[in-house]
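Only one structure is covered here, and it is reproduced in the block below.
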Amino acid sequence: MEAIGAAVAEGQTGEAEAARRKLLDLWSAIGPTGDPLHRCTLAHHLADLHEDPAQALAWDVRALDAADAVTEQRLKEHHAGLRIAAFYPSLHLNLADGYRRLGSFDAAAEHIDAARGHTPDLPQGAYGDLLRTAVEQVAEAVTRRDTTRRSSAPGPTA
């Protein structure tokens, strides 16, 4: 998790290409059957480092698949205060946004509905508010059939 966090931090400072390379190397080391928490975290952040919505979507799908395999016990071993349910609003939001960017509005709407269904699991405060706002922004963009990148979306050009 430390190596994933370091690569993510590097990407957030504008070094997206270097961060992508490091995360891809870690993905190879973890493997497709490795620790689901590591796979979920890595894929979720790697998606944000891709400008191409199709590439981002592929990583977002991997992140959701891995989240489905994370147990509460494994999460508590990493951090006692985390719950896997709180991951789902962000994971579904990213999928909705990716599908929307690609013009697949029905799939985007399904993931917006899933994200909304999980928003009660979000914490109160700035992070939860940020995600709830983003869910509504993406929902509005889906309604408008808008495929442009959101200015508030995470990523190398955000």
Side-chain angles (χ1 to χ4, degrees), residues 1-2 4-5 7-9 11-12 19 23 26-27 30 32-51 53-158:
M1 290 300 276
E2 287 179 26
I4 293 169
V8 169
Q12 292 171 339
L23 288 173
L26 287 169
W27 182 262
I30 293 167
T33 59
D35 184 332
L37 177 59
H38 293 162
R39 289 186 293 120
C40 177
T41 303
L42 189 151
H44 180 65
H45 289 291
L46 189 53
D48 290 344
L49 293 171
H50 286 283
E51 292 181 39
Q55 289 178 323
L57 184 63
W59 286 105
D60 285 328
V61 168
R62 289 180 183 111
L64 181 63
D65 286 344
D68 288 341
V70 175
T71 65
E72 291 295 334
Q73 179 59 37
R74 172 61 184 105
L75 203 54
K76 286 186 188 323
E77 290 169 8
H78 174 67
H79 188 284
L82 293 178
R83 293 180 324 128
I84 193 63
F87 286 32
Y88 286 100
S90 180
L91 295 170
H92 283 290
L93 168 65
N94 287 1
L95 285 162
D97 204 32
Y99 283 120
R100 176 194 66 80
R101 295 271 325 275
L102 294 170
S104 184
F105 298 110
D106 290 341
E110 288 176 22
H111 283 283
I112 282 296
D113 289 344
R116 282 177 169 154
H118 288 286
T119 56
D121 297 314
L122 287 171
Q124 295 303 310
Y127 176 73
D129 292 345
L130 176 77
L131 285 177
R132 282 184 276 276
T133 298
V135 167
E136 294 313 312
Q137 289 173 343
V138 172
E140 290 171 17
V142 169
T143 299
R144 291 190 317 271
R145 302 296 202 237
D146 181 357
T147 61
T148 58
R149 188 177 192 286
R150 291 183 300 120
S151 62
S152 62
T157 59

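The analysis underlying the following values was restricted to heavy atoms, covering all of them including side chains, and did not include hydrogens, waters or symmetry mates. If you read the sequence from its start, that first residue is 1, and numbering goes on from there.
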Practice problem: Mind telling me whether Y99 and H111 have parallel, tilted or perpendicular rings, with 30° and 60° as the class edges? | Solution: parallel
Practice problem: Decide yes or no on side-chain hydrogen bond (donor to acceptor under 3.5 Å, both in side chains) for D68 and Y88, but give the supporting numbers first. | Solution: CA-CA 9 Å; D68 288 341; Y88 286 100; 2.7 Å; yes
Quiz item: Does the T143 side chain pair with the main chain of A139, one donor and one acceptor, at a distance under 3.5 Å?
Solution: yes
Quiz item: Any donor and acceptor pair, going by atom type alone, linking the side chain of T41 with main-chain N or O of H38 inside 3.5 Å?
Solution: no
I want to check something: taking the side chain as every heavy atom from C-beta on, are [X] and [Y] in contact at a cut-off of under 4.5 Å?
X    : Y    : result
N94  : D48  : yes
R74  : P36  : no
D60  : L64  : no
L122 : R132 : yes
R101 : R150 : no
L131 : L93  : yes

Quiz item: What do the steps show when you test L95 against V61 for side-chain contact (heavy atoms from CB on, under 4.5 Å), and what is the final call?
Solution: CA-CA 7 Å; L95 285 162; V61 168; 3.6 Å; yes
Practice problem: With side-chain contact (heavy atoms from CB on, under 4.5 Å) as the test, would you mind laying out the steps for R62 and W27 before giving the verdict? | Solution: CA-CA 11 Å; R62 289 180 183 111; W27 182 262; 3.8 Å; yes
Practice problem: List the steps and the verdict of salt bridge (Lys or Arg N to Asp or Glu O under 4.0 Å) for E51 and R149. | Solution: CA-CA 9 Å; E51 292 181 39; R149 188 177 192 286; over 6 Å; no
Quiz item: Could you walk me through whether L37 and F87 pass the side-chain contact (heavy atoms from CB on, under 4.5 Å) check?
Solution: CA-CA 11 Å; L37 177 59; F87 286 32; 4.1 Å; yes
